[in-house]
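Working notes, structure below.
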Amino acid sequence: MPSLLAALAAITYLTAGLRIARHLAHPAAERPARDTFACVIVGCGVVLHAASIWPGLMLWSGSSPDLPATISLAGLATAAVFGIALLWRIDHIVGALVLPLAAIAPIVPVVWSGQTTPVNTTSVQIHAAISIVTWAVLSLAALQALLLAWQERRLHTRRPGGVLRTLASLDTQERWLFRLIGIGFFLLSLSLASGLMFVEDMLDQHLAHKTALSCLAWAMFGTLLWGRRRHGWRGQTAVRWCLSGFVVLALAYFGSRLILEVLLGQRWHSA
């Protein structure tokens, strides 16, 4: 049953992505400000996705999700945050990018099984939940940065036709980008603070690399927000800082864990 629900969730995400992609045939001024039906489709995908991993969630009581489950949860959170962002009038083209990627997430635990990590406090689970939502928001910010970079380059090369005509203005895209970064930075701060609640010995708990990279990502996003406020950073400067911070965060959340669990065969533990 979970496998069937995962497949249905993936199909629903792809359906929503195709519907959103159809909007790219119309100029931004002719598109509805909100696509309620697309939000409903994404919502159905989120419900199916959550139902597919619900049995695993029950098994995770007193433990932390394994790496495949964490990837699935990250995709679930990203799709859910994007559905909310659609109501917030984020550019539809981001959905054409994020939803096909989110469609992979429900399938990951079906084809790849891992091992959970026992935890002895609920603070670890709270930290994990905040971290997953942080990843979702900053994933959207990274996609928004890529979209902004592509749009700006096309305008500078004086090739404004095609899909470019369907996008919102650069100022609007930048405003959406920094809203996402601001929310993501706040959540990342909460994630780091909640993580300190169960860290006793970083080396013994195998958390040194994850913590160092997470702090570096936090510093990079914080520097970007400071540069925006103090020096008016925008355009390619903002894109570079955002994407660099996101890559470091990806290494912290998934890269370090992939090396630790898959290559080294070790596990982190809460205390």
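Bear in mind the structure is a predicted one, so any value in this text is a computation, not a measurement.
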Evaluate the side-chain proximity of Phe221 to Leu225: yes if any heavy-atom separation is below 4.5 Å, no if none is.
no
All ring pair (Phe, Tyr, Trp, His ring centres under 6.0 Å) counterparts of Phe185, not counting sequence neighbours
Trp218
Would you name the heavy atoms of Val239 and Ala149 that are closest together and state the gap between them?
CG1-CB, 3.8 Å
Answer with yes or no whether the hydrophobic clustering places Ile104 together with Val98; edges join I, L, V, M, F, W, Y residues whose side-chain heavy atoms lie under 4.5 Å apart.
yes
Can you tell whether the side chains of Arg228 and Glu174 come within less than 4.0 Å, N to carboxylate O?
yes
Using the rule that Ile, Leu, Val, Met, Phe, Trp and Tyr join whenever any side-chain heavy atoms are under 4.5 Å apart, tell me whether Leu146 and Phe246 fall into a single cluster.
yes
Tightest non-hydrogen contact, residues Ala105 and Gly75, listed as CB-CA, 3.7 Å
Let me confirm one number: the CG-NZ distance from Leu251 to Lys210, rounded to the nearest 0.5 Å.
12.5 Å
For Leu76 and Ala50, work out which heavy atoms get closest and say how close.
CD1-N, 4.1 Å
Hey, quick one: are Ile11 and Leu101 part of the same hydrophobic cluster, counting side-chain heavy atoms closer than 4.5 Å, chains of contacts allowed?
no
Between Val42 and Ala16 the two heavy atoms that sit nearest each other are CG2-CB, 3.8 Å
Taking C-beta and beyond as the side chain, do Arg153 and Leu148 meet within less than 4.5 Å on heavy atoms?
no
Closest approach of Gly17 and Leu99, non-hydrogen atoms and distance?
N-CD1, 3.5 Å
With the side chain counted from C-beta on, respond yes when Leu249 and Leu213 share a heavy-atom pair under 4.5 Å apart, and no when they do not.
no
Heavy-atom side-chain proximity of Val46 to Tyr13 below 4.5 angstrom:
yes
Using the ring of each side chain (for Trp, its six-membered ring), is Trp233 parallel, tilted or perpendicular to Trp241, with breaks at 30° and 60°?
parallel
Pair up each side-chain donor or acceptor in residues 132-141 with any protein partner under 3.5 Å, not counting sequence neighbours, and list the distances.
residue : atom : partner : partner atom : Å
Thr134  : OG1  : Ile130  : O            : 2.7
Thr134  : OG1  : Leu187  : O            : 3.3
Trp135  : NE1  : Ser139  : OG           : 3.2
Ser139  : OG   : Trp135  : O            : 2.7

Consider only side-chain heavy atoms of I, L, V, M, F, W and Y, link residues closer than 4.5 Å, and tell whether Leu14 and Val110 are in one cluster.
no
Do Leu143 and Leu170 land in one hydrophobic cluster if side-chain heavy atoms of ILVMFWY residues count as linked below 4.5 Å?
yes
With sequence neighbours left out, which residue pairs that include part of residues 71-85 fulfil the side chain to side chain donor-acceptor pair (under 3.5 Å) condition?
His49-Ser72
Side-chain heavy atoms of Phe82 within contact of Ile20, under 4.5 Å
yes
Do Met220 and Leu216 have side-chain heavy atoms sitting under 4.5 Å apart?
yes
Between CG on residue Leu177 and SG on residue Cys242, distance to nearest 0.5 Å:
5.0 Å
If every non-hydrogen atom of Leu97 is compared with every non-hydrogen atom of Pro100, which pair is closest and at what distance?
O-CD, 3.6 Å
